[in-house]
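The figures here come from the full heavy-atom set of this structure, side chains too, leaving out hydrogens, waters and symmetry mates. Quantities reported herein were computed from a predicted structural model and do not represent experimental measurements.
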Amino acid sequence: MLSKTTFISKFPFLKSKTFALLLIAYLIPFVVLLWFVANFGINFPYWDQWDLIELFQKVFLKQATFQDFFAQHNEHRILFPQIIIITLAFLSKWNIQWELYCSVALSAIVFILLLRISLAQTKQRNLLFHAVNVSICFVVFSLCQWENWMWGFQVAWFLVNLCLVVAILAFSSALHSSLQIKVAVAASACLVASFSSAHGLVTWLAIVPSLLACCRGRLQCLKVGFVWVILFLSTLFFYFIDYHKPPHHPDLWFFLKEPQLAATYFLTLLGSPLLHRSNFSYIFGFLALISFGFFIAHCARKAGSGFFRDAAPWLSLGCFAILFDLMTTLGRAGFGVEQAYSSRYTTVSLLLLVALLQLWHLYRSEPNAVEPSRLFKRNDVSVSLFAIGILTSLVLVASIKSLPEAEVFRSRLQYGQACLDVADYVKQSPGNCLELIHPRPNLVVKRAAILNQMNFRHFPGKTIEFVAEPTKGYGFLDTPPTSQAPPIVRKNCFNCGPIPFNGWAILPEQDRAAQLVFLQRDGDPEPFFANAQVNSSSPDVAKALRNENYRQARWSTVVSPNLLPSGKTVVKAWVYDPGKKQFVKLQGELALSVEE
């Protein structure tokens, strides 16, 4: 075993300040991501995750079959992600934070493998080398992927990326083994990707440049290519067994009907990781596409050379991002260009930036590849570092601009979490707050009961206490002055409009704004007839109570008069305190006179 002194003597840079600085530079994006997941991640199921619960139950009862795992989910076969999610769920009693950290771990492995490929291609570990790879580190862990970082179900996206990079590594010069082993490893990785998400199918096509670079001679390329095509077609055959196009998805031929919109959608997908929700994202997408096209043309001229072999992994990476964006355009462009800004797509689109950075680094390192003018040579490294700095800055700005959206999503999950506690009280009310987490509230209530039975979650049911006279102030239902007569509202009135209700609500013992407020008709056997989120600006409340945590404590909602009984009625407002599992009455009551 090497002693510490011997080890450092073999790698003298380990004791230098430069090494410490580089280590910090590489770790910053990863540490920031860990902070983000720890602070923004919510241990609560959202949307598609509710569709997993019946599979959980089958596994719990030992009734699950392969078909249950293989079954189509939207347009995807999510066999392997379901295995990961169910394993983590039964180990943690479905603590969804485990899934979030699994996604982080998969991305960390992706970056390490990308760095491994880069290290194998160059002996010059100079400033530019590290600048390129540190920039890639910021790209891989970018927060503009906030939706995938915060939603445990999206572990599939990071798994597909990992499978792609494993396949690329298998064919690269970084892995020394026989061609048969390389093909076996790469094919296995592509198979896992294919049955993790629909876009995993294009890994078979994206990997072709790496496969060609690995072959020696035309005959070997033909043999390996034939095997690869057979494996790909076999995967497609099994994938499309009993496949049905989801009925709510756009027409696949939409791009022929609206080619300009489809082209804008495609370019926006490519450029959105750099310009967050900007109308100019498609311009960056176009520039990225042109740049990648240049490198493809250059590599075509260098086919069979050492440069082509080094560039092949990055060509595969870039091709995967472009093929994914084409596939997404075919399936989603009908939803409109705005949908191209979706955060979840950036997890794949970002790979094109990684490819361009590495291809540029290889290109400028190639003999006679740079402009021979003395001035350009003298400033070449500076220009490259400046360009890398600009790109990294754009990624950072996109990450920062994503934080407000992530905060809104976190609040949505928190509201849904509080709402599910009181599901037995709100499931009949219009504008059900359970719709924040799933479009079918009744299905959520049913599956929440399954989680209770499996001891994965504990919901209070109809045991929540009502506190009509709290010792502390929880907020107000705004009402008109008591000297005025009760407001008159009319049912079935076309021009009258809905009745507005508003106020503010806090949780004083938890020192924060409340999440949900519920409205109740006096004397009504049903607990609540409407609910409202507490999420509006309230600087006056924060100032009056001298607490900045109450700056988002206002709530408002509108209710149809048809939901109120005829005659005089009194409306009360209650806030839900999830810490104490109680409904607490807000001060103020609104008296109404309802006429037919």
Problem - F335 atom CZ, over 12 foreign heavy atoms within 6.0 Å - result: yes
Practice task
With L100 as reference, evaluate V37, N43, I42, V155 under the side chain to side chain contact (heavy atoms under 4.5 Å, CB included) test and give the passing residue.
Solution key: V37
Problem - Donor-acceptor pair, side chain of S196 and main chain of V160, under 3.5 angstrom - result: no
Exercise for the section: Return yes if some donor-acceptor pair links the side-chain N/O of R410 with the main-chain N/O of M150 below 3.5 Å, else return no. Expected result: no
Exercise for the section: Indicate whether the side chain of S272 and that of S281 have a donor and an acceptor atom separated by less than 3.5 Å. Expected result: no
Problem - Step-by-step side-chain contact (heavy atoms from CB on, under 4.5 Å) determination, F286 to I290 - result: CA-CA 6 Å; F286 177 75; I290 292 298; 3.7 Å; yes
Problem - Separation between CG of L113 and CD1 of I168, rounded to the nearest 0.5 Å - result: 10.0 Å
Practice task
Check whether any side-chain heavy atom of F69 lies under 4.5 Å from a side-chain heavy atom of I86, and answer yes or no.
Solution key: yes
Practice task
Please test H438 against D51 for side-chain contact (heavy atoms from CB on, under 4.5 Å), starting from the C-alpha separation and ending with a verdict.
Solution key: CA-CA 10 Å; H438 199 279; D51 297 330; 3.8 Å; yes
Exercise for the section: Evaluate the ring planes of H130 and Y26, with Trp represented by its six-membered ring, and classify them as parallel (under 30°), tilted (30 to 60°) or perpendicular (over 60°). Expected result: perpendicular
Fill in the blank from the handout: Tested for ring-ring contact (aromatic ring centres under 6.0 Å, His included) against W149, the lone hit among F36, F141, F40, F158 is F158
Handout entry: Smallest separation among heavy atoms of L164 and I207, with atom names
Key = O-CD1, 4.2 Å
Problem - F386 atom CZ, over 12 foreign heavy atoms within 6.0 Å - result: no
Exercise for the section: Please confirm whether the backbone N or O of L143 pairs with a side-chain atom of S399, one donor and one acceptor, at under 3.5 Å? Expected result: yes
Fill in the blank from the handout: Distance col, row S197:OG vs I78:CD1, nearest 0.5 angstrom, shows 8.5 Å
Exercise for the section: Kindly check if the number of other-residue, nucleotide or ligand heavy atoms within 6.0 Å of CD (Q260) is above 12? Expected result: no
Exercise for the section: May I ask you to test the V337-Y282 pair for a side-chain heavy-atom distance under 4.5 Å? Expected result: no
Exercise for the section: For the pair Y345 and W157, name the ring-plane relationship: parallel under 30°, tilted 30 to 60°, perpendicular over 60°. Expected result: tilted
Exercise for the section: On the 0 to 90° scale, with breaks at 30° and 60°, tag the W360-Y363 ring pair as parallel, tilted or perpendicular. Expected result: tilted
Fill in the blank from the handout: In this structure, CG of L351 is separated from CH2 of W314 (nearest 0.5 Å) by 10.5 Å
Problem - Min side-chain heavy-atom separation S316-F320 under 4.5 Å - result: no
Problem - Closest non-hydrogen atom pair between A262 and T329, with its separation - result: O-CG2, 3.5 Å
Practice task
For the residue pair E405 and S343, establish whether any side-chain heavy-atom pair is separated by less than 4.5 Å.
Solution key: no
Practice task
Could you tell me which residues satisfy disulfide (SG to SG under 2.5 Å) with C190, sequence neighbours excluded, listed by chain and number?
Solution key: none
Exercise for the section: State, yes or no, whether a side-chain contact exists between L315 and L359 at a heavy-atom distance under 4.5 Å. Expected result: yes
Practice task
Scan residues 29-42 for pairs that pass salt bridge (charged side-chain N to carboxylate O under 4.0 Å, His left out), counting only residues two or more places apart or in two chains.
Solution key: none
Practice task
Report yes or no: does Q145 contribute a side-chain atom to a donor-acceptor pair with the main-chain N or O of S142 at less than 3.5 Å?
Solution key: yes
Practice task
Give a yes or no on whether the backbone of H244 and the side-chain of Q72 come within a donor-acceptor separation of less than 3.5 Å.
Solution key: yes
Practice task
May I ask you to test the F153-W47 pair for a side-chain heavy-atom distance under 4.5 Å?
Solution key: no
Exercise for the section: Taking the side chain as every heavy atom from C-beta outward, state whether N74 and D48 have any pair of such atoms under 4.5 Å apart. Expected result: yes
Handout entry: Within-4.5 Å side-chain heavy-atom neighbours: L516 and V534
Key = no
Handout entry: Summary of ring-ring contact (aromatic ring centres under 6.0 Å, His included) pairs that have at least one residue in residues 387-420, sequence neighbours excluded
Key = Y46-F409, W146-F409
Handout entry: Check: D325 main-chain N/O paired with T328 side-chain donor or acceptor under 3.5 Å
Key = no
Exercise for the section: Please work out whether the ring planes of H298 and F307 are parallel, tilted or perpendicular, with thresholds of 30° and 60°. Expected result: perpendicular
Problem - Cation-pi, F195 ring and R77 (6.0 angstrom, 45 degrees) - result: no
Exercise for the section: Would you indicate whether F238, at its atom CZ, is surrounded by more than 12 heavy atoms from other residues, nucleotides or ligands within a distance under 6.0 Å? Expected result: no
Exercise for the section: State the CD-OG distance between Q552 and S411, to the nearest 0.5 angstrom. Expected result: 8.5 Å
Fill in the blank from the handout: Scanning both residues in full, the closest heavy-atom pair of A355 with G318 reads CB-N, 3.6 Å
Exercise for the section: Quick one: do R364 and L128 satisfy side-chain contact (heavy atoms from CB on, under 4.5 Å)? Show the steps, please. Expected result: CA-CA 10 Å; R364 71 161 304 282; L128 189 58; 3.1 Å; yes
Exercise for the section: Verify whether one side chain among S103 and N148 offers a donor that lies under 3.5 Å from an acceptor in the other. Expected result: no
Handout entry: Between CD on residue Q97 and CZ on residue F44, distance to nearest 0.5 Å
Key = 13.5 Å
Practice task
Taking atom CZ of F237 as the centre, report whether more than 12 heavy atoms of other residues, nucleotides or ligands fall under 6.0 Å from it.
Solution key: no
Exercise for the section: Kindly check if the number of other-residue, nucleotide or ligand heavy atoms within 6.0 Å of CZ (R440) is above 12? Expected result: no
Handout entry: Pair H73-Q82, side-chain contact (heavy atoms from CB on, under 4.5 Å): steps then yes or no
Key = CA-CA 11 Å; H73 178 86; Q82 285 185 135; 5.9 Å; no
Completion exercise
So OG of S194 and CG of L236: to nearest 0.5 Å the spacing works out to 7.5 Å
